[in-house]
Each structure stands twice: as C-alpha cells, then as structure tokens.
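The sequence lines fix the lettering, A, B, ..., with proteins before strands; numbering per chain opens at 1. The structure displayed is predicted, hence computed values, not measured ones.
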2 protein chains.
Amino acid sequence: MTVINHIREIRKKKGISQIKMAEDLQVTRQTMNAIENNKYNPSLELALKIITYFDMPIDEIFILEEDAK
Amino acid sequence: MTVINHIREIRKKKGISQIKMAEDLQVTRQTMNAIENNKYNPSLELALKIITYFDMPIDEIFILEEDAK
DNA sequence: CACGAATGTAAAGATATCTTTACGTTCGTG
DNA sequence: CACGAACGTAAAGATATCTTTACATTCGTG
C-alpha cells in the first residue's frame, strides 16, 4: 500500500507557488517539494493542513493504492 | 496544531479488539495502542487504512485542533 | 545577456513513526 | 484459584518525516 497525491496539479490550478504554499502551511519549501515529488508522504497532521488549505475532500488529494507487484 | 482521534470509541462501538484491528491493518498491537493513547499520530498511510477500515469520513475520526496555549 | 522567481536536489541532523521483545495488570469465567 | 483474553507499557533499533544550509537549473522578461 502506498499513498499518491495530486498536490501539484491542484496547487497549479489554483495558481499558488510551492513557496507560498509552504509558508502558508508553515513548513519548508523543501518539504512541499519532496512531497510533490513523492520523496515521502506527509505526516497526518500536514496532510490534514493540506486538505484544509485546499478545502477539498481528502480522497481528491490523497489516494491509497495497492503496491504494484 | 495537533491531531486528536476517536479510534477507541469507534472501535469499541464496533466490538473490535485492538488485537484484531491491528492484525486486520497489518500493524502491531503496540502501534494501535500507542495511537489510541496519543503517544503519537499514525502515518498518513495508516490513517487512510483506518478510515477505509471503519468506512467513515476522516473528520469523524481524526480532528486537527489548535494547540492549547 | 542579466535578473529574479520558481523549482529541483543533496547532505547532515533532529524528531516521529513503527517493530520486536518482553513484562505487567485487569477482568471474566471455568 | 487458574487460565486466557484484552490492554498498558517500556526499551532498543529501524526507517520515515522534516529542517537547515547550500547550490543548481529553468524560464520569463527587462
């Protein structure tokens, strides 16, 4: 099981930079960048901040997928 | 900002033991116990498994709260 | 070209999440 | 009482998340 996310698409659609989003969420730009590029998943706390920030249902942003075999 | 959860209440209402829930979710009993007792928050992946397991919306299980001052 | 803005990335270090092993308590029930 | 089932907890170790600092690339635009 792995989690994929659609943060980059949503962020771009809203015309927000990684920098601004990171500042708004009080994390570093590197953290947002790493999450968008699937270096790792956000913590639950950060994930909740992100869905609040985007004001979207969690399943439109984070998706739990079966691992490819 | 901290995350609180209602896992224990929901689990008990459904009549499931920590042991069974841990097995079903493929984590250790200690992990479920620690999360219920707020030793730490689950990872996003485990949180998504939990909402799927309970088949409930995330905001009825995990709540992002302001820190008490 | 020069520049600023946005993004990618890397490495070291701090802290959080999770496992493994182990021991203790409580409670129901034979 | 003896036993099993459920739960609490602790400590050591592995791995994941996040910060700080730093450098590099890409792209638009004066």
Taking salt bridge (charged side-chain N to carboxylate O under 4.0 Å, His left out) as the definition, give me every residue that meets it alongside K12(B), ordered by chain and number, with sequence neighbours left out.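 Not a single residue meets the salt bridge (charged side-chain N to carboxylate O under 4.0 Å, His left out) criterion with K12(B).
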By salt bridge (charged side-chain N to carboxylate O under 4.0 Å, His left out) - contacts of D59(B) (at least two apart):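 Result, salt bridge (charged side-chain N to carboxylate O under 4.0 Å, His left out) vs D59(B): none returned.
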Is T28(B) close enough to dT19(C) that one of its side-chain N or O atoms is under 4.0 Å from OP1 or OP2 there?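 Yes, because at least one side-chain N or O of T28(B) sits under 4.0 Å from OP1 or OP2 of dT19(C).
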Side chains of [X] and [Y]: closer than 4.5 Å at any heavy-atom pair?
X: L44(B); Y: L46(A); result: no
X: K39(B); Y: N33(B); result: no
X: R11(B); Y: E36(B); result: yes

Within residues 37-62 of chain B, find the residues that approach DNA chain D with a heavy atom at under 4.0 Å, and present them sorted by residue number.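 Heavy-atom contacts with DNA chain D come from N37(B), K39(B).
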Please list residues of residues 8-27 of chain A whose heavy atoms come under 4.0 Å from any atom in DNA chain D, ordered by number; otherwise none.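 Those residues whose heavy atoms fall under 4.0 Å from DNA chain D, taken from residues 8-27 of chain A in numerical order, are Q26(A), V27(A).
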With the criterion being N/O to N/O and under 3.5 Å, what pairs connect the protein with nucleotides 22-30 of chain C, and how long is each?
{"residue": "dA22(C)", "atom": "N6", "partner": "Q30(B)", "partner atom": "NE2", "Å": "2.7"}

Counterpart residues, side chain to side chain donor-acceptor pair (under 3.5 Å), relative to [X] (two or more places apart):
X: N41(A); value: none
X: E9(B); value: none
X: N38(B); value: none
X: K20(B); value: D24(B)

Does anything in residues 48-58 of chain A form a salt bridge (charged side-chain N to carboxylate O under 4.0 Å, His left out)? List the pairs, not counting sequence neighbours.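 Checked against salt bridge (charged side-chain N to carboxylate O under 4.0 Å, His left out) - neighbours excluded - the pairs reaching residues 48-58 of chain A are E45(A)-K49(A).
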What is the distance, rounded to the nearest whole Å, between atom CD1 of I35(B) and atom P of dT19(C)?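 Going from CD1 in I35(B) over to P in dT19(C) covers 9 Å.
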Can you give the donor-acceptor pairs under 3.5 Å from side chains of residues 25-32 of chain A to other protein atoms, not counting sequence neighbours?
{"residue": "T28(A)", "atom": "OG1", "partner": "T31(A)", "partner atom": "N", "Å": "3.2"}
{"residue": "T28(A)", "atom": "OG1", "partner": "T31(A)", "partner atom": "OG1", "Å": "2.9"}

Five pairs at each end of the helix from dC1(C)-dG30(D) to dG30(C)-dC1(D): take the axis at both ends and give me the angle between them to 10°.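 Answer for the end axes of this duplex: 30°.
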Among the candidates dC7(D), dG8(C), dC18(D), find the nucleotide nearest to the side-chain atoms of N33(B).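 Comparing dC7(D), dG8(C), dC18(D) against the side chain of N33(B), the answer is dC7(D).
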Are I4(B) and I7(B) co-members of a hydrophobic cluster defined by side-chain heavy atoms under 4.5 Å apart?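 I7(B) and I4(B): separate clusters.
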Verify same cluster id: M1(A), F62(A) (apolar side-chain graph, 4.5 Å):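 M1(A) clusters together with F62(A).
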